[in-house]
Amino acid sequence: MAATAVMSAAAMSAQTPVYLDSSRPLEERVEDALSRMTTQEKLDIIHAQSKFSSRGVPRLGLPDLWTDDGPHGVRPDVLWDEWEQAGQTNDSCVAFPALTCLAATWNPEVARLYGRSLGEEARYRGKDVMLGPGVNIYRTPLNGRNFEYMGEDPFLASEMVVPYVQGLQSCGVAACVKHFALNNNEVNRHTTNVILDDRTLYEIYLPAFKAAVQKGGAWSIMGAYNLYGDEHLCHNGRMLNDILKKEWGFDGAVISDWGGTHDTRQAIANGLDLEFGSWTDGLANGASNAYDNYHLANPYRALIASGEVGTAELDDKARRVLRLMMRTAMDYSKGAGSMCSEAHYAAARRIGDEGIVLLRNERSVLPVVPRKGGRILVVGENAVKMMTVGGGSSSLKAQREVSPLEGIRAAAAKYGMDVEWVRGYVGDVTGEYNGVVTGQDLNDSRTPSELISEAVSCASGADYVIFVGGLNKSPGQDCEDADRTGLGLPYGQDDVIGALARATRNLVVVNVSGNAVAMPWVRDVQAIVQAWFLGSEAGNSIADVIFGEVNPSGKLPFSFPVRLADNGAHALGAYPGVKRQDSDITDLEYAEGLLVGYRWHDTKKVKPLFAFGHGLSYTAFSFGKATADRNEIGQNGTVTFTVPVTNIGDRAGAEVVQLYISDPKCSVSRPAKELKGFAKVYLEPGETRDVKIIIDREALSYFDADRHEWIAEPGDFIASVGPASDNIKSTVKFRLK
Ligand code: BGC
């Protein structure tokens with residue numbers, strides 16, 4: 001090429017506008033872009049232009065933003081304006097295990113792997129914002145969306161969400177942490193007004209969001225559907241302006257949940273930045289284009305034009321959306337990503353392997369002792385039902401999904417064992433969500449007693465009977481937009497398990513769910529495996545654990561109560577709230593306050609069925625005495641606890657050392673104990689390691705609502721260390737000066 005036709009690099013960069021020059025500081029670029037935009041262009045970028053995308057500014061070369069669910073895989077594309085499938089042939093994904101499973105790994109490095117793998121898939125699919133992860137606290141086992149969240153403990157959820165967000169965003173894909181906040185059940189989700197004291201808000205419901213923002217650096221947050229202080233959470237002045245933006249310094253964009261925006265003036269004033277999903281059909285609700293009629297579109301413009309509102313809020317919103325754009329769509333160094341790679345399948349399997357929780361294992365019935373020519377009977381619909389389809393917005397179109405039966409069959413074949421499957425019960429035979437179909441025909445017209453007789457007669461002579469049941473992703477179970485109606489297993493599964501327990505002495509129950517379930521037969525079965533919704537590699541992970549290829553190391557991220565009334569919210573009748581007279585609002589008071597999950601069980605001495613943090617292994621660990629490096633600290637000091645843990649069994653395995661803090665004498669009442677540190681340690685047989693956990697004043701503090709600050713009150717504290725919240729091996733007393 002002739003020299004004259006080539007522009008020098010220096011001349012090019014002199015011509016590159018600041019906002020397009022990625023070598024310039026982000027804030028300079030944002031201000032530069034903003035200064036070039038008209039009011040209309042600012043309005044254009046703060047609301048949706050389609051179901052999942054918002055506009056850029058074509059005149060300035062600012063790109064559109066593409067969002068997608070989230071959080072367990074990249075959801076298939078829908079039509080521009082509808083929930084129906086776009087019918088692409090290249091949008092099948094790897095389905096990763098549900099977030100409850102991730103939380104059950106108690107391994108932050110696995111959370112980073114999760115975020116990173118998902119980010120690569122999102123990148124490949126051209127998505128800028130993934131709508132997840134969710135960190136709403138598990139308050140009641142009835143919540144239909146618990147499976148998408150990270151359990152009942154704010155510390156565990158905080159430790160797990162940070163690396164997930166960092167891993168995802170390292171791919172140039174924003175996390176949109178949801179649903180901020182207090183969206184802890186699905187029933188009446190658009191009309192429930194949550195009432196709680198500030199201490200509970202700050203100590204239980206906010207920490208995981210705060211960690212995601214301040215430590216994880218989350219680039220966006222999704223408002224919740226419900227209300228707090230009589231204001232919808234997608235435009236809630238206290239939550240979004242005062243807490244998220246002012247107190248925490250969040251510089252990203254607040255995105256509404258789909259259809260969560262209800263009021264133009266509140267949306268303008270109360271911290272919403274990007275409006276999505278207000279309505280879906282561009283023909284029925286809009287005079288011209290429905291998106292122009294979004295609260296943050298023409299109605300906002302009209303208020304500016306009439307002088308009723310100024311443009312300061314508009315500039316702030318546009319700035320935040322520009323930041324989001326520059327961090328994602330305009331990060332041209334982020335690479336192409338990858339989809340359905342073997343590495344992603346391996347990540348999905350690893351997450352599943354580490355998150356499965358062995359709840360019970362009498363006579364060490366697991367792992368299966370292979371016997372050539374031996375026979376395994378698998379019973380239950382969940383052994384064959386595809387679980388990646390359904391559940392609401394987290395539903396996926398998985399490229400492949402290994403069912404529990406397929407996984408168990410493949411593993412058994414390696415040992416020359418036969419596997420037979422019978423139905424046991426008929427659950428929900430539908431297999432479609434949002435136009436994605438499983439293609440499975442699960443219809444069966446036999447009666448429950450016929451199915452049970454068949455299962456019982458096949459059980460005789462089997463080396464092992466493995467019942468795979470639990471919940472599924474159908475409405476009213478582990479599914480968005482509704483709650484469960486009870487703690488019990490649906491579809492008469494208790495009868496099937498009871499009958500099998502009488503027919504065999506080697507009964508393994510695999511519970512597939514994202515929620516606690518009642519287990520009236522708990523003592524009649526030999527082993528119980530909590531298997532979660534495990535995604536693409538479900539069957540392989542389950543088989544890994546059942547056959548001992550993997551030594552289970554998952555720990556429960558929430559308590560299993562014996563009965564619903566053993567859960568704090570339900571014990572106090574604080575669910576689902578009381579409907580106001582002459583209004584569609586339901587007031588829901590979180591009467592149990594801080595006593596969520598194990599905090600209730602421990603403080604009120606209500607024995608759970610399986611405790612928070614519980615999970616068995618095929619090996620055994622012994623805990624030596626925990627010690628502290630000092631017995632007195634100042635307000636800025638730290639204490640390092642050391643506990644020697646030894647693998648005293650004959651298999652390599654991992655144990656989670658959990659550290660709980662109690663403040664036995666305090667001017668305010670405190671839960672019996674609270675998780676403030678944990679570490680997962682891998683040990684070879686016979687190996688001992690000193691596990692160290694460091695805490696500081698944050699671990700000792702409570703939130704003083706009157707002073708609006710965290711207080712670490714001088715006095716004695718107790719650190720309790722053990723492998724589960726109900727299995728404390730040693731305690732250490734220390735003093736805060
Ligand atoms: C859900 C969100 C989801 C959004 C978009 C809403 O119904 O509550 O979690 O991200 O839809 O699908």
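Counting starts at 1 for both ligands and their atoms, in listed order.
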Checklist entry - Which atoms of ligand 1 have any heavy atom of Ser393 under 4.0 Å away? => result 1 (C), 2 (C), 3 (C), 9 (O), 12 (O)
Checklist entry - Between His47 and Tyr294, what is the ring plane arrangement, given parallel below 30°, perpendicular above 60°, and tilted in between? => result tilted
Checklist entry - Quick one: is the NZ or CZ of Arg112 closer than 6.0 Å to the six-membered ring centre of Tyr164, and within 45° of its axis? => result no
Next on the checklist: Which label fits His262 and His235: parallel for a plane angle under 30°, tilted from 30 to 60°, or perpendicular past 60°?
Outcome noted: perpendicular
Checklist entry - Where's the contact between Arg145 and ligand 1, heavy-atom distance under 4.0 Å: side chain, backbone, both or neither? => result side chain
Checklist entry - At the 4.0 Å heavy-atom cut-off, does Phe276 count as touching ligand 1? => result no
Checklist entry - Given Thr67, Ile255, Asn183, Asp69, which has its nearest heavy atom closest to atom 10 (O) of ligand 1? => result Asp69
Next on the checklist: Other residues, nucleotides and ligands only: do more than 12 of their heavy atoms fall within 6.0 Å of NZ on Lys334?
Outcome noted: yes
Checklist outcome for this item: In ligand 1, the atoms that come under 4.0 Å of a heavy atom of Leu131 are 10 (O)
Item to check | Candidate with minimal heavy-atom separation from atom 6 (C) of ligand 1, of Asp68, Asp257, Asn434 | outcome: Asp257
Item to check | Atoms in ligand 1 with a heavy atom of His179 nearer than 4.0 Å | outcome: 2 (C), 8 (O), 9 (O)
Checklist entry - With a cut-off of 4.0 Å, which atoms of ligand 1 are near a heavy atom of Lys178? => result 2 (C), 3 (C), 9 (O), 10 (O)
Checklist entry - Is the backbone N or O of Gln440 less than 3.5 Å from a side-chain atom of Thr438, with the two atoms forming a donor-acceptor pair by type? => result yes
Next on the checklist: Closer than 4.0 Å to some heavy atom of Arg75 - which atoms of ligand 1 meet that?
Outcome noted: 12 (O)
Next on the checklist: Working note: Lys42 + Asp316, criterion salt bridge (Lys or Arg N to Asp or Glu O under 4.0 Å); need CA distance, chi angles, decisive distance, verdict.
Outcome noted: CA-CA 10 Å; Lys42 291 174 192 172; Asp316 182 56; over 6 Å; no
Checklist entry - Under 4.0 Å from any heavy atom of Phe52, which atoms of ligand 1 are there? => result 5 (C), 12 (O)
Checklist entry - Angle class for the Phe560/Phe558 ring planes (parallel below 30°, perpendicular above 60°, tilted otherwise)? => result parallel
Checklist outcome for this item: At under 4.0 Å between heavy atoms, what of Arg189 touches ligand 1? The answer is side chain
Next on the checklist: Return the closest protein heavy atom for atom 7 (O) of ligand 1 as residue, atom name and distance.
Outcome noted: Glu480 OE2, 2.7 Å
Item to check | Plane angle bin for Phe52 and Trp83 - parallel if under 30°, tilted between 30 and 60°, otherwise perpendicular | outcome: perpendicular
Item to check | Trp83, any N or O under 3.5 Å of ligand 1 N or O | outcome: no
Checklist entry - With a 6.0 Å cut-off on ring centres, are Trp248 and Phe180 close enough? => result yes
